[in-house]
Amino acid sequence: MFKGGVNLKGNKLTSSKAIEFANKPSKVILPLIQHIGAPCEPIVNKDDCVKVGQKIAESKAPFSVPIHTPISGIVKSIEQLPHPITGKPTQSIIIESDNQNNKDNSNENNDNNNQDNKLNNDYLSYTSDKLLNIIKDSGIVGLGGAAFPTHIKLSPPKGISIDTLIINGAECEPFLTSDHRLMIENSEEIIKGILIVAKVLKTKKVFIGIEENKKDAIRIMNKKINNSQKFNIDNIKIKVVSLPTKYPQGAEKMLIYSLTKRKVPTGELPMNVGCVVQNIGTVYAIYQAVALSKPLYERVVTITGKVNNPKNLMVKIGTPISELIKMAGGYKGEPKKLINGGPMMGVAMPSDDLPIIKSTSGIVVFNQDDIYQAEMPIECIRCGRCVNECPMNLNPTLIARYAEKGRIDLAEKTYAMDCIECGCCSFGCPSKISLVHWIRYAKSEIKNNKSK
Amino acid sequence: MKENNTKPQKQKINSDIKNNFIVESSPHIFSSVTKSEIMWIVFAALIPSTIMGIYNFGIKALLIIITSLMTAFLSEAFFNWIRKKPFSRMLNGPWAVTGLLLGLSLPPTVPLWIPALGAFVALAIGKHVFGGAGMTLFNPTLVGRAFLVVSFPGIMSNYVWPGKIDAITSASPLSILKQEGYLSAISIFGSRLQTYWSMFIGNISGSIGETSAMLLLIGGLVLIIMKIIDWRIPCIYISTVFVGTILLGQDPLFHILGGALFLGAFFMATDYAGMPITKKGRIYFALGLGLLTIIIRQYSSYPEAVNFSILLMNTATPLIERFTIRKPFGYIEKTNNVKSK
């Protein structure tokens, strides 16, 4: 168990609601930056016809994954539109649906042209390299929110061996239930996905970390693992671990520490301590990509908060958020804030015309009542709550103060770069100071200074 | 923090996409704890000791406390006006804690201009000169009190026994100890056990709010349980004094119960602005407090040392903080590429 962190009210409105398929969108907007790394270049032109699952953008850089269209139709335009996360104008492909749902048959990266997502059991005999290629070509990124290209995570450099694969089912953010529902409804597919990842990594030990507030998910995963000796290829041992419900249990470094007592050294990656962490949604997408030849163009998104009928929806990536809100019964009251992700680390979006992207795990709608409105900013009273609550063992108030006074050098010396932006410090601050905001500012300034 | 910068500006995007939602930095939810809540809980935790003080020393004690609170209120309002802060800030309440604590730390015999002057000095020189709440280098209450002790030593050492407010003034247990020795200090109460008991429940001479160790302990424990103050400060402070007095061959219980130690350890040393923010720093801070208290009580001409110990350790806080900066989770010395020149 890691030190620090905060206890949050779960607000999991949708934990007992089964995943529904969202209506087919009439158009999708696909920003060409949906992952960390090199942006994609479009490989289709305006007025081209595209089919479901067709690759429409890719990059030659290795640190990148392609983007596929979730609907069949016509490329209406390729233009600069605001990105749902960064807000910066980003090249985006807009595709208008022809309502025909034609499947793409030319999936050249897959030897078996599996139309209609037919189950392909041959994948068990694939080599690691082939599996990695499929994962890359299917556009798979970490679906927990960071959108780190998965094939990079799964190909550690020579000399580093991964002895533990960690599956992140913590879902510690309030409101979100997409991983929770996947574990309940698609546990078998998740286990198959885990076995694929374990095979790629040549790992024998797998932990599935689930917060103890998801008792049903823990029970079902345990049952499925015990019942399914047939999955147990290559002596891979999968163990479900119930973790205390404490935010940020699902943060990569905290999760690794909770499960293995290994501390990831500052500035290094989990693979340096022999661990790879994959999100539940990601392993499910890997299973679909490998076994069903279905590239990542769909994901589970929790539509929750102040909507009339909160839901877990299987959504085509690129669907405008306003359409999903309609499916969730529309806004309840006057919406004021639209959060892409959970309320602790999610990004507030300016408009509901923006699309769902690969990393969107939920949309949380807030009314005026849910937004904390400080009558006026209050000064730091030095109570030390942020210091006690910081899971990364930092001094948030000091870094924030240095950043505010423009002393970026001191902020760096106070280890600003190690902040994971989990938001615990801002959450607990009695003066409601936007500590994370200041630390983020310090981090970006430090990066700018470095690149100069 | 600067007023205009604590929330990020709304982003403008040049496109025909409508922009109708608030854009703010994460997180989007906050705990319910607020600064004013904390301050009023501290205020409430002092109420039992206040009632005990009024019960012990009568209407005079009540008048002193009211004067102190009133002056604190007026001074705070005045300085808010000068510093162009909105009046609603008064609701945050640190002035009330400062005013009440100052009243409680005065002898019950002082004329009423003493709490008025002390509260004004506390707010003016202790607080607003340094930049208001959170910026106070020294505990404001103790700045006010130290000013009174140094300026009017005679008035500030006239104590009386509970219920005998009009009787001739006498010394506090610690000054009897200092001037006449341990045996005569004990002889006032009869036996040692009676001494401890009187000190624990508060049947001794002393400042208005410091006499009853029991009620201060209750208030302090409430604050510790509510996680408003850090247990490290009072526990380590009091234990250090306890162990130190044993080593010096003194009566430890007399020392920890007999003076302002409980009031200081639970309510004054734990003042947020004056103590380090790191846990490790707080341990050093409390150890320093204990050592200074023993040294001043033993070797200086002042019988009571809590006031000056806390003020002295307040000055050491930035230094302690600097040496106890926390290392990040997973920090390894060799990966440290952030080096000073």
Side-chain angles (χ1 to χ4, degrees), chain A residues 6 81-82 87 89 174 253 263-268 335-339 343-354 366 371-372 375-384 387-388 391-395 397 404 412-415 418 421 423 426-428 430-434 436-437 440, chain B residues 1-8 10-11 13-15 17-31 33-38 86 88-89 92 94 131-135 227-228 230 272-279 282 321 325-332 335-338 340:
Chain A
V6 289
L81 285 173
K253 291 182 176 186
K263 286 186 177 178
V264 180
T266 55
E268 289 185 28
K336 279 288 179 193
K337 209 188 236 185
L338 202 57
I339 303 161
M344 288 301 278
M345 288 185 76
V347 177
M349 290 179 294
S351 162
D352 58 6
D353 290 339
L354 296 168
F366 273 3
I371 301 171
Y372 183 83
E375 273 181 42
M376 70 208 83
I378 308 178
E379 60 289 303
C380 171
I381 54 168
R382 292 169 47 82
C383 65
V387 178
N388 289 340
M392 284 303 289
N393 214 28
L394 303 174
N395 301 272
T397 180
E404 188 206 2
E412 192 176 359
K413 273 185 210 164
T414 331
Y415 313 106
D418 291 304
E421 301 174 20
S426 298
F427 174 83
S431 298
K432 312 295 172 199
I433 297 166
S434 301
V436 181
H437 169 65
R440 214 180 268 137
Chain B
M1 295 276 160
K2 251 179 238 166
E3 308 243 330
N4 49 354
N5 278 339
T6 46
K7 292 276 170 185
K10 271 195 181 178
Q11 293 189 21
I13 293 173
N14 302 320
S15 99
I17 280 184
K18 62 182 188 289
N19 276 333
N20 45 359
F21 292 95
I22 297 170
V23 175
E24 280 179 319
S25 175
S26 68
H28 306 286
I29 49 174
F30 298 94
S31 64
V33 56
T34 60
K35 179 187 168 189
S36 58
E37 191 183 288
I38 292 175
S88 58
R89 265 173 113 81
N92 287 339
M135 309 299 282
K227 295 198 171 167
I228 286 178
D230 192 336
Y272 288 147
M275 70 180 180
I277 53 171
T278 57
K279 290 177 192 168
R282 286 172 180 178
E321 216 160 68
I325 292 269
R326 307 203 309 167
K327 298 277 186 285
F329 179 86
Y331 177 84
I332 296 171
T335 61
N336 180 16
N337 48 14
V338 187
S340 49

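So that the names make sense, note that chain A is the first sequence line, chain B the second, and so on, each numbered from 1. Remember, predicted model here, so these are calculated numbers, not experimental data.
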So is Lys263(A) actually on top of Phe329(B)'s ring, under 6.0 Å and inside 45° of the axis? yes

Part of Val347(A) lying under 4.5 Å from any heavy atom of chain B: backbone

For Lys279(B), which atoms come within 4.5 Å of any heavy atom of chain A: side chain, backbone, both, or neither? side chain

Do you know which two heavy atoms are closest between Val33(B) and Gly428(A), and how far apart they sit? CG1-O, 3.8 Å

Among the options Glu421(A), Met345(A), Met344(A), pick out the one with the most heavy-atom pairs lying under 4.5 Å from chain B. Met344(A)

Segment of Leu394(A) engaging chain B (4.5 angstrom heavy-atom cut-off): both

Side chain, backbone, both or neither: which part of Pro94(B) has a non-hydrogen atom closer than 4.5 Å to chain A? neither

Please examine the side chains of Ser434(A) and Glu24(B), heavy atoms only from C-beta on, and report whether any two atoms are closer than 4.5 Å. no

Contact class of Met392(A) relative to chain B, heavy atoms under 4.5 angstrom: both

May I ask you to name which of Ser426(A), Cys383(A), Pro391(A) has the most heavy-atom pairs under 4.5 Å with chain B? Cys383(A)

Dump the intermediate steps for side-chain contact (heavy atoms from CB on, under 4.5 Å) on Cys380(A) and Lys35(B), then the final yes or no. CA-CA 9 Å; Cys380(A) 171; Lys35(B) 179 187 168 189; over 6 Å; no

Report the C-alpha separation of His28(B) and Lys337(A) in whole Å, then their side-chain angles, then the decisive distance to 0.1 Å, and conclude whether the side-chain contact (heavy atoms from CB on, under 4.5 Å) test is met. CA-CA 9 Å; His28(B) 306 286; Lys337(A) 209 188 236 185; 3.0 Å; yes

Is the shortest side-chain heavy-atom distance between Lys413(A) and Ile325(B) below 4.5 Å? no

Quick check on the interface: out of Asp418(A), Ile339(A), Val264(A), Val6(A), who has the most heavy-atom pairs with chain B under 4.5 Å? Ile339(A)

Met349(A) versus chain B, the contacting section by heavy-atom distance below 4.5 Å: backbone

Proximal component of Ile29(B), with respect to chain A [non-hydrogen, under 4.5 Å]: both

Side chain, backbone, both or neither: which part of Glu321(B) has a non-hydrogen atom closer than 4.5 Å to chain A? side chain

